[in-house]
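Note that the structure is a prediction, hence the values are computed from the model and not measured. The first residue of the sequence shown is numbered 1, and numbering continues consecutively from there. Side-chain atoms are counted along with the backbone in the values below, which use heavy atoms only and exclude waters and symmetry mates.
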Amino acid sequence: MKKTFRFLFAALALLGIASCADVPELPYPVPDPNGGGGGGKTASGLPFTSASLNNFEVKTIEGIDWSLGSSYAKASGYDNNTKSTTATRTWLVSPAINTTVTGTSADGSNTDGIIISFDHVLRYVRSSTDVKGWHKVLASKDYAGDVTTATWIDLNFQPVESSTNDWTFYPANPVILPAELWNEEKVYIAFYFQCDATNSTTWELKNLTVKEGMTPDPGPGPTPGDVTPVTIAEFNAAPVSTTVWYELTGVASGIKSGDQYGNFDLTDETGKVYVYGLLAEKGGAGKAFQDLVAKTGLANGDKIRIHGQRGDYNGKIEVLSAYLVEIVEKGGDTPGPGPTPGGDGDGSESSPYNVAYVRSAGNPGSTAWVKGYIVGTVKDGGKTYSDAVFGLESASNTNILLADAADCADASLCIPVQLPNGSVREALSLQQHPENLGKQVALCGTLEKYFGEPGVKNTSKYSWDGNGGGVGPDPTPGDALFSADFTKGENGFKAYDVELGTLGYVWAVDTRYGWKASAYKDNANVASESWLVSPVIDLTSASAATLTFSHTANYLNGAACTDFLSVLVSTNFGDDVAKASWVTLAVPTWPTGKDWTFVDSGDIALSGYAGSKITIAFRYTSTSSTAPTWEIKSIGVK
C-alpha cells in the first residue's frame, strides 16, 4: 500500500500529518489533559468517552511506546524507519473514572452494571503470537502512576485478528467491569500490549466508552470456565458473553478455499450460526486455518464439535474464540430432512453433487455437475429468492429450482439455477417446457450465489439421465461459459506465491476493486512473484470461446504493464504453477499504468482450447524498484 507522509512543524504546536485517504494517519504523542498518573484531578463520571484515547497516559516497561494520535491510539513493536522489531511491553492507562452506578442510563433505561466498549483493528498475527496474552484490557482502583505496583484485574478481553487486510475498525465485543469496581471514586482502565523481538502485531483503538448498561446474565446456566453443550438454537438465544463457553455440534458449510481465518457456517437440526474464526486449540494462533485443514482434513459437509463464546457483530450472532474439539464424522449428515451433503457424488460429470451439498458448500466459485429434480422457479420478474414459486405458476424462462426430491415445496431445500440464453434455456426452461416439472436433470455450471442463495450460474451443459455423463448441446454464440464478479468474493480463484520476500501475501480480495495485487510494504517495493489461478473452466462442449476481464494498474513508474503483468492459460494445471505448461495470452487492452481507471481487456481468443478444460492465471511480478498495483474486478468466458 502506497503511503505518503508530509510533516509540518510549528513552534509549540503538535505534529500534524497528512496521508493517503485509505491509510491510517501516523499517530503522535500528545499531553495528557486529564493529568493521568492517578493524580489529584477530579475523576470523570459515567458515561466516560474518549474518541481517540489521546487523553490516556502511556506507561512503557520496555520497547516502543503507544502512539497517540488525533483519531486513534496505536501499539506496535515494529519500527518502519529501521525495519526492525523491538520486544515491547507498554500500557495505555485512562484518566480516573468515577464508577458510581445510578441504575439508570443516559437515555433513562434501567441498568445493572458497567460496560466498556471500543472499536479496534488487530493485524499481523502470526502462528507464534500469544494473541490473548499480548492484548489485554485491565482495570484497577489503586493505580497511582506505576503500573507495576498497582493491582490490576484482567477483564478477560477476547482479541480476534481482523478478517480484512486493511485498516478498517470494527467494534470489539463489550467488556464487563466487575462489580467489585463499581461505585468507586477512581477506577482506571488500561490496554496492555506486548510483543517479542521477532513477532509484533499492530493494535489500534478508538471510540472508547465506559457507561452503565444491562450486562449479560448467564442465569442458572453455565458459569465462567464451564463448557456447556447446547443446540445452535439455544446458543443463538443465549446472551453475549466473553466468559461463558459453549459446545456446539453441527455440519460445517461455506468453508472457502484458501481462507486463513476459518469463517464458515455451522448447522444442526435447530438452526445455523456463523463461526468467526476457528482455531486449532483454545487460545491458539489465528490466521492458521489452512494449517488446521491440512492437519485434520476438515471440509464442507463434515460434522464437527467446537467450543466457543456467544458474540454479536452489528446484530449478527457469531461464535467467537472458537476452537476445534473433534471431527465427529466426515461428510456428516445434513441437519434435518434430506440426503447426506454431496450424496455419493464428487461433482464430476459421472458423479454429480446433490442439492444438499451445493447448499452446504456455500459459494466456492468452482465449476461442477449437480443433479436434482426441477420443482419450480424464481417467478418471472422476481428479484429475490423470496419470489420462489413451485409448480408452473408464473414460471420464469431464465431460471429453475432444483431439489433432491420431486415433491419438494420448501425453498430452503432448493437451489436456483441460472439458464443462460441459448440451447440450455431452450431445453430446461419450465416456461417453454411445462413437461419438465418433476424431471430429474444433471447439469454443469459455476457454484456461486444466485438470488442471494447458494446456487448454480453459467449453466453450460445438461443431461436428462440424472446421473451426469451426458453432454448437452453446444452453447450458442454469446452464451456465458464462465463469469465471476470479484467484488463479491474470491469466486474459486486462488493465489500461488512463488516469491514473497518480506511480504505476507500479494493477492487479496477487496469488495470495491476485486482481486488486488501489490508488493509495496512499509514504504518499500519488494521483489515478488505471485499467480492468481482460476478454477477449472470447462470448454469441452464449446466450439469457440473468448476471454474478457476488467482491470486497472498503477505505479508502473513508466514501465509497460507487460514488463510485470501477464495472463496465461493451461490445460494441465494441478496445484503447482511450476509444474504446469502455460501459454501467455495476448491482451489487447492494458491500463495506462498510472491511474485507477478500469479498462476492458478486449476479446482474447480461446478457440484453440475448445473441447478442453482450462485454467486461467494472472501472473504478477515486482522488483525492488517497481511494485505495481494490479486490480481485476471481473472476468468472463463466453
Taking 4.0 angstrom as the limit, do E57 and K59 come out as a salt bridge?
->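 A salt bridge links E57 with K59.
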For residues [X] and [Y], establish whether the separation of their ring centroids is below 6.0 Å.
| X | Y | value |
| --- | --- | --- |
| Y188 | W152 | no |
| Y78 | Y124 | no |
| H120 | F169 | no |

Can you label the angle between the W66 ring and the W203 ring as parallel, tilted or perpendicular, going by 30° and 60°?
-> tilted
Geometric class of the F56/F48 ring pair [parallel <30°, tilted 30-60°, perpendicular >60°] |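 Taking F56 first and then F48, their aromatic rings sit tilted (interplane angle of 30° to 60°).
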S528 side chain near S622 side chain, heavy-atom distance below 4.5 Å = yes
Contact check, side chains of T623 and N525, non-hydrogen atoms, under 4.5 Å |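 A side-chain contact under 4.5 Å is absent here.
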Look at atom CD of E185 and say whether more than 12 heavy atoms of other residues, nucleotides or ligands are closer to it than 6.0 Å.
-> no
Count the heavy atoms of every other residue, nucleotide or ligand shown that sit under 6.0 Å from NZ of K132, and state whether that count exceeds 12.
->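 Atom NZ in K132 is packed in, count exceeds 12.
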Ring pair (Phe, Tyr, Trp, His ring centres under 6.0 Å) with H135: of F157, Y192, F193, F191, only one passes, and it is F193
What distance do T552 atom OG1 and W596 atom CH2 have between them, rounded to the nearest 0.5 Å?
->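 Result: 7.0 Å between the selected atoms.
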Measure the CD1-CD distance between I153 and E180 for me, rounded to the nearest 0.5 Å.
->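 The CD atom of E180 is 3.5 Å from CD1 of I153, to the nearest 0.5 Å.
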Say whether D497 and S530, considering side chains only, have a donor N or O and an acceptor N or O under 3.5 Å apart.
->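 Yes, because at least one side-chain N or O of D497 sits under 3.5 Å from a partner of the opposite role on S530.
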Verify, without hydrogens or angle tests, whether D268 (side chain) and T270 (backbone) share a donor-acceptor contact under 3.5 angstrom.
-> yes
Would you check, one step at a time, whether the test side chain to side chain donor-acceptor pair (under 3.5 Å) holds for E247 with W245?
-> CA-CA 7 Å; E247 181 175 281; W245 289 86; over 6 Å; no
